[in-house]
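The structure appears right after this line, and notes come after that.
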Amino acid sequence: MTTHYNCRNNVYPGTEGLVKRFPVPDDKVLWTVSYDGYDPPSYTSLSVLNKGWADPEIGAPGFDPTNEWNSDKGNVNRKCGSHKYEIDKDGYPINPVGRTGLKGRGLLGRWGSNAAGDAVVTRWKKDPATSQPLKNEATGKLVLEFVAINRKDCGEWAIPGGFCERKEDFFDTVKREFFEEAVSGAKFEGQTKDGTNVDNCLPPEYMSFAYKRFDDIFKKGQVVYSGYVDDIRNTDQAWISTTVVNFHDDVGNVFYDIKFKAGDDAGDVKWMDVNESLVLYANHKDFLRQTAIKLGAHF
Ligand code: RP5
């Protein structure tokens, strides 16, 4: 990623307009370009201050992440994929993409990189008339569909994802988040292939059934991106990084009778076409582009 847009020149989310970022023009994003008078305010939300799951302040007694920056070997994953970041003379990590117009952690729990994972669950779109995979007329390539969720916090469509729990493997994060946001509460329509009617099954029985059903696809997950996310919550000293995993149903028989249902912090869920006109949260569209390239699909 060469620059960021979503975390500049706006009001910080959840602050009722009270926290405004210091303006950062396009040509002043890079730290290597001098910006006389750059003086961003500092903001850390009360929702992360003094919380056990979040970092203490830099310099707080007993908190010394010096050997953990840029690494996933410590207690917390502080690696930012391929993006290496520096630490300033006061011990604060520096956003590897550049200025955001805000210091502090904002809504983020960790200083520096906050590791997340995203699940791009895909299948080939079928022509409803023939039930055959559909090709885009212009490119001649097969059209992909992916499972999108609608975020309750901002109303935007996104890939299901979330933050890694302490020492959690990112594969487990993406699977967990996918189930929490897109599957929890979902039902199979009618009968399964072995004739069992599971339509009225409720979690946790349903969940273990669904986990089993998705298992093969989940075992074949492919990482399509690992690094910085252009998220509206980023600051100069705290930002989100993600590992995006594609789970592709090539044959098209895993999800055919599943009605997804949104849960957790998702308000809606649906299959969406993968193409250039997608409008998604953060830079999630880039992750779909990477997935389409990897699968040789239309974009
Ligand atoms: C995005 O925020 C990441 O790509 C991931 O999808 C998400 C994690 O935050 P929550 O959905 O848990 O708020 O930048």
Side-chain angles (χ1 to χ4, degrees), residues 1-66 68-70 76-81 83-116 151-156 158 161-163 227-242 265 281-284:
M1 179 169 301
T2 48
T3 192
H4 49 205
Y5 302 94
N6 298 315
C7 53
R8 277 194 286 144
N9 305 323
N10 53 20
V11 167
Y12 197 82
T15 63
E16 318 266 321
L18 292 175
V19 179
K20 296 189 180 74
R21 295 179 185 269
F22 193 92
V24 180
D26 289 354
D27 62 351
K28 300 286 187 218
V29 172
L30 292 178
W31 297 108
T32 47
V33 175
S34 66
Y35 186 0
D36 288 345
Y38 181 63
D39 187 18
S42 183
Y43 169 69
T44 299
S45 167
L46 284 177
S47 64
V48 303
L49 279 176
N50 303 317
K51 295 289 188 304
W53 55 268
D55 284 343
E57 293 304 286
I58 295 286
F63 178 56
D64 182 11
T66 315
E68 293 183 8
W69 302 129
N70 286 300
V76 175
N77 180 359
R78 298 186 191 274
K79 210 173 162 163
C80 186
H83 294 96
K84 202 169 175 302
Y85 55 94
E86 309 284 329
I87 308 302
D88 73 16
K89 60 176 178 25
D90 299 317
Y92 290 91
I94 304 171
N95 188 312
V97 172
R99 298 182 179 95
T100 68
L102 192 71
K103 289 192 292 189
R105 278 176 289 161
L107 286 164
L108 301 174
R110 306 280 172 209
W111 293 103
S113 181
N114 286 252
R151 294 179 63 98
K152 280 187 195 161
D153 59 353
C154 60
E156 291 179 58
F163 293 104
Y228 187 88
V229 187
D230 183 7
D231 193 286
I232 194 169
R233 292 166 286 188
N234 294 349
T235 75
D236 287 359
Q237 298 168 329
W239 60 89
I240 301 177
S241 62
T242 189
D265 43 15
Y281 178 76
N283 64 318
H284 285 189

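These figures come from a predicted structure and were not determined experimentally.
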I want to check something: taking the side chain as every heavy atom from C-beta on, are [X] and [Y] in contact at a cut-off of under 4.5 Å?
| X | Y | answer |
| --- | --- | --- |
| Tyr85 | Pro93 | yes |
| Arg233 | Pro13 | yes |
| Arg8 | Thr3 | yes |
| Ile87 | Tyr92 | no |
| Pro40 | Arg99 | no |
| Leu102 | Pro41 | yes |

I need the minimum non-hydrogen distance between [X] and [Y], along with the two atoms involved.
| X | Y | answer |
| --- | --- | --- |
| Lys79 | Ser241 | O-OG, 3.5 Å |
| Leu107 | Ser47 | CD2-OG, 3.9 Å |
| Tyr228 | Cys7 | OH-SG, 3.9 Å |
| His284 | Ala158 | ND1-CB, 3.7 Å |
| Tyr35 | Val24 | CE2-CA, 4.3 Å |
| Gly91 | Trp69 | O-CZ2, 3.9 Å |

For a side-chain contact (heavy atoms from CB on, under 4.5 Å) check, start with the C-alpha distance between Val29 and His4, then their side-chain angles and the critical distance, and finish with the verdict. CA-CA 8 Å; Val29 172; His4 49 205; 3.7 Å; yes

Taking 4.0 angstrom as the limit, do [X] and [Y] come out as a salt bridge?
| X | Y | result |
| --- | --- | --- |
| Glu57 | Arg105 | yes |
| Asp55 | Arg110 | yes |
| Arg151 | Glu156 | no |

Please assess Trp53 against Phe163 for the test side-chain contact (heavy atoms from CB on, under 4.5 Å), listing each intermediate value before the final yes or no. CA-CA 11 Å; Trp53 55 268; Phe163 293 104; over 6 Å; no

Hey, is [atom1] on [X] packed in by over 12 heavy atoms from elsewhere, all under 6.0 Å?
| X | atom1 | answer |
| --- | --- | --- |
| Tyr5 | OH | no |
| Lys28 | NZ | yes |
| Asp90 | CG | yes |

[atom1]/[X] to [atom2]/[Y] distance, rounded to the nearest 0.5 angstrom?
| X | Y | atom1 | atom2 | value |
| --- | --- | --- | --- | --- |
| Tyr281 | Asp231 | OH | CG | 3.5 Å |
| Leu49 | Lys51 | CG | NZ | 7.5 Å |
| Asp236 | Phe22 | CG | CZ | 11.0 Å |
| Asn77 | Ser113 | CG | OG | 6.5 Å |

Answer yes or no: is there a donor N or O on one side and an acceptor on the other, between the side chain of Glu86 and the main chain of Ile94, under 3.5 Å? no

Pick one: which of Thr44, Leu108, Thr100 meets side chain to side chain contact (heavy atoms under 4.5 Å, CB included) with Thr235? Thr100

Side chain to side chain contact (heavy atoms under 4.5 Å, CB included) test vs Val229 passes for just one of Thr242, Asn234, Asn114, Asn6, namely Thr242

Might you work through the side-chain contact (heavy atoms from CB on, under 4.5 Å) test for Trp111 and Phe63, ending with a clear yes or no? CA-CA 12 Å; Trp111 293 103; Phe63 178 56; 4.0 Å; yes

Within 45 degrees of the axis of the six-membered ring of Tyr12 and under 6.0 Å from its centre: does Arg21 put its NZ or CZ there? no

